[in-house]
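What you are looking at is a predicted structure, and each value in this text was computed from that prediction instead of being measured.
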Amino acid sequence: QVQLVESGGGLVQPGGSLRLSCAASGSIFSIAVMRWYRQAPGKQRVLVAVITFGGVTTFVDSAVKGRFTISRDNAKNTVYLQMNSLKPEDTAVYYCNGQINARDYWGQGTQVTVSS
């Protein structure tokens, strides 16, 4: 049983910063890749960022490039999303996703609200 748990969400003003964390736990023998998605009210879930665990390959969607950074700590089975210069349109539930033990897992999501 593998579990992903997100944390670090909250309410911030435009221009502020947050760092999201996603920790994987359970019987883990391999992590190939982990991703961050987000889903705004009334919209579909979209990919935000990707990072591999076998190397250092990363991807950040053009909508957040230059503001968001994805990183990971292999020893802690944890992935991070550093979010800077936040905008109201970044408001969404952010979900962690991972290809772990050759299977796909999702976290419960964490709410990020950017508002003055």
(message) Using side-chain heavy atoms (C-beta onward) and a distance below 4.5 Å, is I31 in contact with N101?
(response) no
(message) Treating T91 as the side-chain partner and V114 as the backbone partner, does any N or O pair qualify as donor plus acceptor under 3.5 Å?
(response) yes
(request) Return each pair, listed once, that meets side chain to side chain donor-acceptor pair (under 3.5 Å) where at least one residue sits in residues 4-14; pairs must be two or more places apart or across chains. (result) E6-Q108
(request) Check whether any side-chain heavy atom of T113 lies under 4.5 Å from a side-chain heavy atom of V12, and answer yes or no. (result) no
(message) Side chains of D61 and R38, heavy atoms from C-beta outward: is any pair under 4.5 Å?
(response) no
(message) Can you confirm whether V79 sits close enough to I51 that some side-chain heavy atom of one is under 4.5 Å from a side-chain heavy atom of the other?
(response) yes
(request) State plainly whether one hydrophobic cluster holds both Y95 and I70, where clusters connect Ile, Leu, Val, Met, Phe, Trp and Tyr through side-chain heavy atoms under 4.5 angstrom apart. (result) no
(message) What I'd like to find out is whether the side chain of V112 reaches to under 4.5 Å of the side chain of M83, using heavy atoms alone.
(response) yes
(request) Report yes if some heavy atom in the side chain of C96 is under 4.5 Å from a heavy atom in the side chain of R35; otherwise report no. (result) no
(request) Any chance you could measure S115, atom OG, to L86, atom CG, to the nearest 0.5 Å? (result) 12.0 Å
(request) Quick one: closest heavy-atom pair of S85 and R67, and the distance? (result) O-NH1, 3.1 Å
(message) I'd like to check N77 versus N74 (side-chain heavy atoms, cut-off strictly below 4.5 Å). Are they in contact?
(response) no
(message) Tell me if a side-chain donor or acceptor on N97 pairs with a main-chain N or O of Y105 at a distance below 3.5 Å.
(response) yes
(request) Give the cluster check for F68 versus M34: same hydrophobic cluster or not, with ILVMFWY residues linked at side-chain heavy-atom distances below 4.5 Å. (result) yes
(message) Distance check, rounded to the nearest 0.5 Å: Q3 atom CD versus I28 atom CD1?
(response) 10.0 Å
(request) For Q111 and A92, work out which heavy atoms get closest and say how close. (result) NE2-O, 3.4 Å
(request) For A24 and L4, work out which heavy atoms get closest and say how close. (result) CB-CD2, 3.4 Å
(message) If you count heavy atoms of other groups shown closer than 6.0 angstrom to CD of Q44, is the number above 12?
(response) no
(message) Do V93 and L47 sit in one hydrophobic cluster, given that two such residues count as connected whenever their side-chain heavy atoms are within less than 4.5 Å of each other, even indirectly?
(response) yes
(message) Could you check whether any side-chain heavy atom of L20 comes within less than 4.5 Å of a side-chain heavy atom of Q82, counting everything from C-beta outward?
(response) no
(request) For residues 16-30, pull every pair meeting side chain to side chain donor-acceptor pair (under 3.5 Å), keeping only residues two or more places apart or in separate chains. (result) S17-N84
(request) Please list all pairs passing the ring-ring contact (aromatic ring centres under 6.0 Å, His included) test where one or both residues lie in residues 28-67, with sequence neighbours left out. (result) Y37-W106
